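Scroll down for the structure; my scribbles are underneath it.
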Amino acid sequence: MAALIRTVSRLSRTNREWARGVASLADLPETHDMLRKTCRDFADNELKPIAGDLDREHRFPTEQVKMMGDLGLMAIDVPDSKGGTGLDYLAYAVALEEISRGCASTGCIMSVNNSLYLGPVKNWSTEQQQETFMHQDFLNGSKVGCFALSEPGNGSDAGAASTVARLEGDHWVLNGTKAWITNSYEASATVVFATTDKGLKHKGISAFLVPMPTEGLTLGKKEDKLGIRATSTAYLIFEDCKIPKENLLGQPGMGFKIAMQTLDAGRIGIASQGLGIAQAALELAVDYAMKREAFGSPIAKMQSVQNKLADMHLSVESARLLTWKAAAYKDAGKNYIKEAAMAKLAASEAATFCAHQCIQVLGGMGYVTDMPAERYYRDARITEIYEGTSEVQRLVIAGRLLKEYADITSW
Amino acid sequence: MRPSGMRRLFHYVITLGYASAALSAQFCKMANLRVLVGVKRVIDYAVKIRVKPDNSGVVTDGVKHSMNPFCEIAMEEAVRLKEKKIAKEIIAVSCGPTQAQETIRTALAMGADRGIHVEVSGKEYENMTPLHVSKILAKLAQDQEASLVILGKQSIDGDNNQTGQMTAALLDWPQATFASEVTKENDHLKVIREIDGGLETVKVTLPAVITADLRLNEPRYATLPNIMKAKKKKIAKHKAADFGVDLSPTLEVLSVEDPPVRQAGQKVETTEELVTKLKDSGVI
């Protein structure tokens, strides 16, 4: 009898944990909490001290990326059997937030490798392609990948890809230019989207796996960015770039679908990055407000400062719950497109808001490079732009919302 | 061959046989070490400690707790011994309330093979002292047939620095405390201890108790794959009574108070003035 009760309670505990995961996201399951602690300790010890230098020197954190690979952070949701860490997207969201809290650039590198490169490779590649493009090196931090969708002529308008690929015997020949490609200078492979059939419009776009470096592919100059300066961002220029026929990812014409699904998941990553930056800005503002004295007492006692801190904390906490919900929905196999868009929108706006207010609380100190506030301000700005601008997110949310209401006959 | 020569050869072979059996038993014993590591759940080192208004102790409710830093170092050393194939199995043990299991799971994620949770809660936990804990650890070490017990030199809440020493005494085992380096040499361990005068090197035969000091090693991060693996490892639950240990208090805490607020000092112009002031106040 006791054994029966024990078994039943053990089963319901598992179900309860899932229900708890979606319904009440205030507490993380124990594993995720331990994971959060590891990532936080790593970020505090290894990333925070050097983040300023990485930004100043525009330097890619090769050593730290390798350490993160050893911890299992560069391939979080790749299954155990393939050599990855085999955790879920909630774990990815938690880990990425803590890493970004230490250094936003490193968070970006981690996000591009996990969501934008390993995402499509894991989901659509063949066993043979995985031997090269999902080799252990891409999972353990020795190599990173990148994602080439945007072009000089189209960002939000992804369906108008002007990069073309034509089949010539045993090879695909790629011609065109890709813009704003993160990790370009350090990547050993990329997922590229090119038009194979112009007549089919966006259904004529296909995805390809291209090793880097390769003949016919040159990199443009490194962009001089406002923020996330430790990452390299450049043009990928394809001039009669030949790749083997076997490097087609998925089926011809599947490219747009692959891109959109990859970006849906990537949005949870960028949301987490935004949360990390926002949280770092909030903590800096609180710390400063409790120490800085004006008019006889710490400025944290002033109502106007308290209002700011409250608004900042509210924005981060709300965005965090949205992010965890989107991740939990994805892990449960539910449709998470709207939730991911909401998470990215909320978190990126929280990041820019918190970074802005952080400088305001710090006053003059927030404007100089002695304090990281100015770096948070610069790093936060990109989160509202890449992987779907805030405007595109609003279109996605409205689109899904209207679809849901169209299904209801009376309300 | 002369019979005496044959007999001598016979004796020689037998002696060789015994010697190699003895040595290999020693060797096997060395390579098959079962290590018991104590891990304590304490208030996190970064948290500001607040004394309870009634001066009966410090506030622990809702306060962030984590593994005692010296216990982390002890755990790391055990894992390194296992990686060097000197230790075969690591058991992480903690005496405390239900939440102590989180600490044991962290130990499992660092590389322990299984855990033992001795459940002690409420008033009994508040009154628990190193003597109680060492009695439990000593019995456990015998029950589990451990050859090595590694503990942190002290915990950052009690700062007693007694548990390791008492455990060794109860077991009548040699102890090497404040270890800053542990090396295996043939059939014993060479331990370098940090003492007031510098460093002391001791030779310790097994079984033994070692307590870890700060510079023994740098604990590793629990990797994500290990955190996942830790979920499958077992934690056995016990009560102090299972080990025949009575948790009746042996000490009574009369009062816990904040250290006195730092008083302002005095600035002097010359060394002579300093010496005069010190003489006048009776300090020298």
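Here the structure is a predicted model, which is why all the values come from computation and not from measurement. Within every chain, numbering begins at 1; the chains are lettered A, B, ... in the order of the sequence lines, protein sequences first and strands thereafter.
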Looking at every non-hydrogen atom in both residues, tell me the closest pair between A:Leu71 and B:Pro225 and how far apart they are.
O-CD, 3.5 Å

Nearest non-hydrogen partners of A:Leu73 and B:Leu224, listed with the distance
CD2-CD2, 3.6 Å

To the nearest 0.5 angstrom, please state how far the CE atom of A:Met34 sits from the CZ atom of B:Arg105.
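Here the rounded value is 8.0 Å.
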
To the closest 0.5 Å, what do you measure between CD (A:Glu30) and OG1 (B:Thr106)?
7.5 Å

Count the heavy atoms belonging to other residues, nucleotides or ligands that lie under 6.0 Å from [atom1] of [X], then report whether that count exceeds 12.
X	atom1	result
B:His65	NE2	yes
B:Glu218	CD	no
A:Lys301	NZ	no
A:Arg40	CZ	yes
A:Glu63	CD	no

So which of A:Thr85, A:Asp80, A:Asp33 has the biggest tally of heavy-atom pairs under 4.5 Å with chain B?
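Highest number of pairs under 4.5 Å: A:Thr85.
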
Could you point out which residue of A:Glu46, A:Lys37, A:Met67 forms a side-chain contact (heavy atoms from CB on, under 4.5 Å) with B:Tyr221?
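So the option named by the test is A:Glu46.
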
Which bit of B:Arg220 comes within less than 4.5 Å of chain A, counting heavy atoms only: side chain, backbone, both or neither?
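Interface part for B:Arg220: neither.
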
May I ask you to test the B:Thr223-A:Asp70 pair for a side-chain heavy-atom distance under 4.5 Å?
no

